[in-house]
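Report on the structure given below.
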Amino acid sequence: MKEPRKVRWNVLAAIEYVCANTMERQLKYENTSKMQKCLEHLKSYFGGINETQVIILCGLLFINFKKDRDMTISKFFAISPLTYLQHNKEIEELSKRNLVTVSITDAGHSYSFNEDIIRSILRNQEIIIIKKKYDSVSFTKVIRDIIDTSWKEHDRKMRESYDFEIKNLDIPFVKNINDCIKSHEDRYCLYTLCYYYTHGWVAELQTLFLGVYDSTLGPRNMELMITGKHKLYKNGFIDFVQKGNVIDSTITITDKTKQIYLGEKAYLYEPKLDEKSLILPDTIVSKKLFYSQENQNQINMLYSSLSKENLSNIQNGLKAKGFPTGICILLYGAPGTGKTESVYQIAKATNREIIHVDISQTKSCWLGESERLIQKIFDDYKNMCQKLKLNGKNDYPILLFNEADAIIQKRTEFRGGGAEKTENAMQNILLENLEKFDGIMIATTNLEINMDAAFERRFLYKIKFENPTIEAKTAIWQSKLNWLPDEQAKQLASEYNFSGGEIDNVVRKATMEEILNGSKVTMNRLEELCNSEKLISSNSGRKMGFCM
C-alpha cells in the first residue's frame with residue numbers, strides 16, 4: 001500500500017480550533033470565516049461527514065487526547081446526557097464510518113478510536129482505514145460471539161451487536177435482515193441461528209432465547225414460539241427441528257433464510273439425509289419380478305420414461321406445451337404384490353436415489369406441526385434437486401410415499417375435532433405440492449378404494465397390481481427355489497393363492513431349515529409351511545385370498 005499523502009493544512013490545529021469554539025457552548029459556535037474554513041476542511045478530511053458530526057467528533061478526540069477520566073462528552077459541550085442522546089443518529093453514522101467505536105461499560109458509553117485515525121491526525125496525513133471485510137458467515141460469527149459472552153450484561157451485548165451491525169450494512173444479507181426485522185433481539189437471534197446452521201448445529205430453544213432476550217422477554221418469546229406466534233416463526237425465518245415443550249424443543253433457520261443468508265452457496269451447507277430416508281441405487285439388490293402382461297407393459301413404460309436419457313426430453317417437451325413437468329405415480333393393490341419392490345427396481349435400473357418418506361413421522365400431537373412436517377418433505381426434496389442441478393446433474397431422486405393410505409384417504413367432514421382438522425390440512429398441503437411438483441414422486445397404497453377423489457388427477461400414472469396367473473406364480477416359486485421340479489412348482493401355484501411376499505416368507509423358512517438340517521425340505525414340508533403361513537385360513541389352508 002502506498003504512503004498516505006500529506007495534508008496541506010494543519011489537521012490538529014483545525015480540531016483544536018473547533019474544540020475551543022464549541023466547548024461548553026451546547027454544540028453552538030460563533031460563525032466566523034475561520035470557523036467555517038476549519039469545519040469545511042474537517043468535513044472533507046473525515047470523509048464527507050456533516051457539520052454536527054465534525055463538532056461531536058472533535059469533542060470526542062479532545063477527550064481522547066486529554067485522557068481526563070472525569071470529562072464526559074456531555075460535560076464538554078455543557079449539555080445534559082438526554083440532550084446529547086438526541087444526537088444518537090450522528091454517533092451511529094460516525095460509528096458506521098469506523099471513525100469512532102462506541103462501547104457500553106458500567107459507567108455508561110465510552111468511545112475509542114482506530115489507531116490508523118490517531119496516527120494520521122498526528123502525522124497530518126490523509127486517513128486511510130483498512131476495513132476488515134466480512135461476509136455473511138463471518139459476520140454471524142462475531143454476533144454469536146458477542147451474544148454468547150455470558151458475563152456481559154444484556155444491554156451491553158445488544159449495544160455491541162448493534163454497533164457491529166450498522167458498520168456492516170454493506171453486506172446484502174445484513175441490510176436485508178435489517179430492513180425486514182425491526183427488533184434488535186429478533187435479528188440477533190436469527191444471526192446466531194444462521195451461524196449455528198453453517199456449523200451443523202441446531203439450537204435449543206430455551207438456551208438460545210434466554211441468551212438473546214432479557215430476563216423478562218425470554219420466557220414470553222419462548223411461549224410465543226411454542227404457540228406459533230413468534231414473529232420470526234410466523235414470517236418464515238425460523239422453524240422447529242423438533243417441537244416439544246420449552247425445554248426440549250430445538251430450532252433452526254428455514255429455506256427462506258438460507259437463501260437470504262447464503263444465496264447460491266446454500267447448497268454447500270445442506271445436511272445429508274439420514275440413512276433411513278435415503279436409499280442409494282447401489283445398495284438395492286437386483287431382483288426379477290413377475291407381472292401380468294398388462295402390468296409388465298406398464299412397468300416397462302415407467303422404466304423407459306424415467307431413464308435419464310428420456311426424462312429430460314419428456315420434461316422439456318411437456319414444459320414447451322405448458323404442461324406440468326412432474327411425474328407422479330400411484331401403485332395400488334393388495335399387500336405383498338410387489339409395489340414397493342417395483343419402485344426399488346425402477347430406481348436401480350434408472351440409477352436414481354430414493355427418498356423414503358415415513359408417514360408415521362409426520363404425525364404430531366402439536367398444533368400445526370404435522371402440516372409443517374409434510375411441507376418440509378417437499379421443501380427438502382426441492383432443495384436436493386436444486387443442489388444436483390447446481391452440481392451439473394439432472395438426476396431427480398424418487399420421492400417415495402410408501403403405504404400412503406393414511407394421507408391420501410378420503411377427507412373427513414370437519415365436525416370440530418382437532419385430529420380431523422389436522423388430517424384435512426395435511427391432505428390440502430399434499431394436494432398443493434402435487435399440483436406444482438417438479439420431479440419424480442411414487443406413492444403406494446393397499447386401500448385405493450378409500451382414496452380421496454382429489455388425488456386421482458394428481459397422479460399421472462395409476463397402476464393396479466393384478467392377481468397373478470398360475471403361470472406367473474409358478475415362475476415365482478421356481479425363481480426362489482430353483483431346485484423345485486416344474487410339476488411341484490405348478491402344484492403350489494395352483495393350490496395356494498399367495499402373494500409374492502407370502503411366497504418369500506415360506507421360502508425363507510425353508511431356507512432356514514435347510515441351513516439347520518443340511519438338506520433341502522421335502523414337498524410335504526413345503527406344504528406344511530404353506531398351510532401355516534396364513535393366520536386365518538380354510539381347513540385345508542388352500543385357495544386363500546391373493547392379489548399380486
Is it true that a side-chain atom of [X] and a backbone atom of [Y] form a donor plus acceptor pair closer than 3.5 Å?
X	Y	answer
Tyr196	Tyr191	no
Thr325	Gln315	no
Lys243	Ile226	yes
Ser304	Met301	no
Lys480	Val506	no
Thr207	Glu204	no
Asp405	Asn446	yes
Lys339	Gly333	yes

For the [atom1] atom of [X] and the [atom2] atom of [Y], what is their distance to the nearest 0.5 Å?
X	Y	atom1	atom2	value
Leu311	Ile440	CG	CD1	5.0 Å
Ile398	Tyr381	CD1	OH	8.0 Å
Cys180	Lys231	SG	NZ	13.0 Å
Ser305	Tyr461	OG	OH	4.5 Å
Gln296	Tyr303	CD	OH	8.0 Å

Do the side chains of [X] and [Y] get close enough for a salt bridge, i.e. N-O under 4.0 angstrom?
X	Y	result
Lys175	Asp170	no
Arg508	Asp504	no
Lys157	Glu160	no
Glu165	Arg187	yes
Lys167	Asp163	no
Arg159	Asp155	no
Lys464	Glu294	no

(request) For side chain to side chain contact (heavy atoms under 4.5 Å, CB included), just list the numbers for Phe459 and Ile329, CA-CA rounded to whole Å, side-chain angles, deciding distance to a tenth of an Å, and then say yes or no. (result) CA-CA 5 Å; Phe459 289 107; Ile329 303 160; 5.6 Å; no
Is the number of heavy atoms from other residues, nucleotides or ligands within 6.0 Å of [atom1] ([X]) greater than 12?
X	atom1	value
Lys288	NZ	no
Gln206	CD	yes
Ile247	CD1	no
Lys382	NZ	no
Phe323	CZ	no
Lys234	NZ	no

(request) Check each of Asp379, Asn428, Ile407 against Ile374 using the side chain to side chain contact (heavy atoms under 4.5 Å, CB included) test, and report the only one that passes. (result)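 The passing option is Ile407.
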Any idea how [X] and [Y] line up, ring-wise: parallel (<30°), tilted (30 to 60°), or perpendicular (>60°)?
X	Y	value
Phe378	Phe437	perpendicular
Phe139	Phe164	parallel
Tyr261	Phe173	tilted

(message) Would Lys258 and Tyr269 count as a cation-pi pair here, with the cationic atom under 6.0 angstrom from the ring centre and within 45° of the axis?
(response) no
(message) Tell me if the centroids of the rings in Tyr233 and Phe240 come within less than 6.0 Å of each other.
(response) yes
(request) Could you go through the side chain to side chain donor-acceptor pair (under 3.5 Å) check for Asp248 and Gln242 one step at a time? (result) CA-CA 8 Å; Asp248 59 22; Gln242 175 182 321; 5.0 Å; no
(request) Please report the C-alpha distance between His230 and Phe209 in whole Å, then the side-chain angles of each, then the deciding distance to 0.1 Å, and finally whether the ring-ring contact (aromatic ring centres under 6.0 Å, His included) criterion is met. (result) CA-CA 12 Å; His230 194 281; Phe209 275 39; 5.4 Å; yes
(request) Heavy atoms only: give me the nearest Ser532-Lys509 pair and the separation to one decimal. (result) OG-NZ, 4.1 Å
(request) For the pair Glu223 and Arg220, evaluate salt bridge (Lys or Arg N to Asp or Glu O under 4.0 Å) and give the outcome as yes or no after the intermediate values. (result) CA-CA 5 Å; Glu223 180 184 336; Arg220 174 58 179 158; 3.4 Å; yes
(request) Under the salt bridge (Lys or Arg N to Asp or Glu O under 4.0 Å) rule, what do Asp395 and Arg352 come out as? Steps first, then yes or no, please. (result) CA-CA 7 Å; Asp395 304 338; Arg352 297 186 184 279; 5.4 Å; no
